[in-house]
2 protein chains.
Amino acid sequence: MILSRTTEYALSVLAFMATRNQKMYAAELLHQELKIPRQYLRRLLTDLSKKGFIISTRGRSGGFVFARDMSTINIAQIIDALEGADAMNTCLLGFTACIAGHPCAMHDLWAESRSKVIETLTKTTLGDLSEKYRKDIVTGCL
Amino acid sequence: MILSRTTEYALSVLAFMATRNQKMYAAELLHQELKIPRQYLRRLLTDLSKKGFIISTRGRSGGFVFARDMSTINIAQIIDALEGADAMNTCLLGFTACIAGHPCAMHDLWAESRSKVIETLTKTTLGDLSEKYRKDIVTGCL
DNA sequence: ATAAATTGCTACCTTTTTGTAGTAATTAAT
DNA sequence: ATTAATTACTACAAAAAGGTAGCAATTTAT
């Protein structure tokens, strides 16, 4: 259950942008709010825009906006974009030859747990996070 | 859902040792069977013995044996020993201030999914893997 | 005793991930 | 036009993870 630090940064940024009701976010603001290293964050934001989650605008009063409606971006998509789409589809025991017809001893139990996790991550969108925050069900955790 | 390569190696080794009914395993055999880099594997085995999963015997006809009954070693213990005990207890969105009373927008959903995974990993022991293999329910995946 | 087969240890190397610095390009305000 | 505020890009540095090599220590077989 471990995401790379970069993936966590991406989730922090997008969740922050989703919950605060602001149209445009400058890298500098996100850096100060989220304490993510400035230059590293800049690169990450460029990457997230290349991956189609956000759109960048240069120049004075520029920054980043969501590229599409928040309700169409789910958590699994973000993780997949950063970790690789089948980062979660590997054999738990590390056997490369492990497949359905030739399963390792953890295969079925693991497939079941994993699909529950994927279901949770897939059904939760940034729109859902935004709504929970607006309704004061959760905090911003800063 | 990503373990480090080292953790995967550890799970491969211990699962292999659990399923083949052999008392002692030399590093060289494990290297050849599992294709884990020889010297890296040697270090890992020494580490696993320091962590109390296996016992090493030096000298001719030496090797590694389980330190305790396989039914007392579960998958979660192995992962914890290699990744750190609370590697799985971090906030999914990467917020360090995320705690029960001050939860992020994913907190509850994530806690639920995660506890299911942990339950699965905790209830499955190396003894269980051994049994499934003996009964031909699963393969060795090599 | 000697040789062979094993683990333990240390030092180093390579690759990947994370972080930093500075400059160029772009846009808006004045 | 000039300046200020922003993103884009490139190159580098530091830290962590993964991998290699060789020798020392230990045990068993002969």
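Proteins come first, then strands; the chains are lettered A, B, ... in the order of their sequence lines, and each starts at number 1. FYI, side chains are in, hydrogens and waters are out, and symmetry mates aren't considered; it's all heavy atoms of this structure. No experiment lies behind these values; they were computed from the predicted model shown.
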Nucleotide range of DNA chain C contacted by chain B, 5' to 3', under 4.0 Å to a heavy atom?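 Answer, 5' to 3': C:dA4 to C:dA11.
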Between A:Gly59 and B:Gly59, name the one whose nearest nucleotide on DNA chain C is closer to the 5' end.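 Nearest-nucleotide comparison on DNA chain C picks B:Gly59.
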Which residue lies toward the 5' end of DNA chain C, A:Pro37 or B:Leu45, if each is placed at its nearest nucleotide?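 Residue closer to the 5' terminus by nearest nucleotide: B:Leu45.
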Report the distance from atom [atom1] of [X] to atom [atom2] of [N], rounded to the nearest whole Å.
X       : N      : atom1 : atom2 : answer
A:Ile2  : D:dA16 : CD1   : C1'   : 15 Å
B:Glu8  : D:dG18 : CD    : C1'   : 13 Å
B:Leu82 : D:dA16 : CG    : P     : 18 Å
A:Leu48 : D:dA8  : CG    : P     : 11 Å
A:Leu30 : D:dT7  : CG    : C1'   : 13 Å
B:Arg42 : D:dG22 : CZ    : P     : 13 Å
A:Tyr40 : D:dT7  : OH    : C1'   : 18 Å
B:Leu41 : D:dT20 : CG    : P     : 12 Å

Go nucleotide by nucleotide along DNA chain D from the 5' end; which of A:Arg58 and A:Ser61 gets its closest nucleotide reached first?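 Between the two, 5'-proximity favours A:Ser61.
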Closer to the 5' end of DNA chain D via nearest nucleotide, is it A:Lys50 or A:Arg60?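 The answer here is A:Arg60.
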Minimum heavy-atom separation for A:Ala15 and B:Leu93, please, with both atom names.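 Here A:Ala15 and B:Leu93 meet closest at CB-CD1, 3.9 Å.
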Measure the spacing between [atom1] of [X] and [atom2] of [Y] and express it to the nearest 0.5 Å.
X        : Y        : atom1 : atom2 : result
B:Lys23  : B:Met17  : NZ    : CE    : 9.0 Å
A:Leu41  : A:Asp47  : CG    : CG    : 11.5 Å
B:Asp128 : A:Met106 : CG    : CE    : 9.0 Å
A:Thr7   : A:Leu82  : OG1   : CG    : 4.5 Å
B:Thr90  : A:Ile2   : OG1   : CD1   : 8.0 Å

Sugar-phosphate, base or nothing in reach of A:Arg43, heavy atoms under 4.0 Å: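 Base contact - A:Arg43 has a heavy atom under 4.0 Å of at least one base atom.
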For a quick test of reading the model: is some side-chain N or O of A:Ser49 closer than 4.0 Å to OP1 or OP2 of D:dT7?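 Result: no.
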Distance-only donor-acceptor hits, side chain of residues 133-140 of chain A, under 3.5 Å, sequence neighbours excluded:
residue	atom	partner	partner atom	Å
A:Lys135	NZ	A:Glu131	OE2	2.8
A:Thr139	OG1	A:Cys141	N	3.2
A:Thr139	OG1	B:Pro103	O	3.0

Side-chain donor/acceptor of B:Gln39 to base of D:dG18, under 3.5 Å: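 Between D:dG18 and B:Gln39, which were checked side chain against base, a qualifying N/O pair under 3.5 Å is absent.
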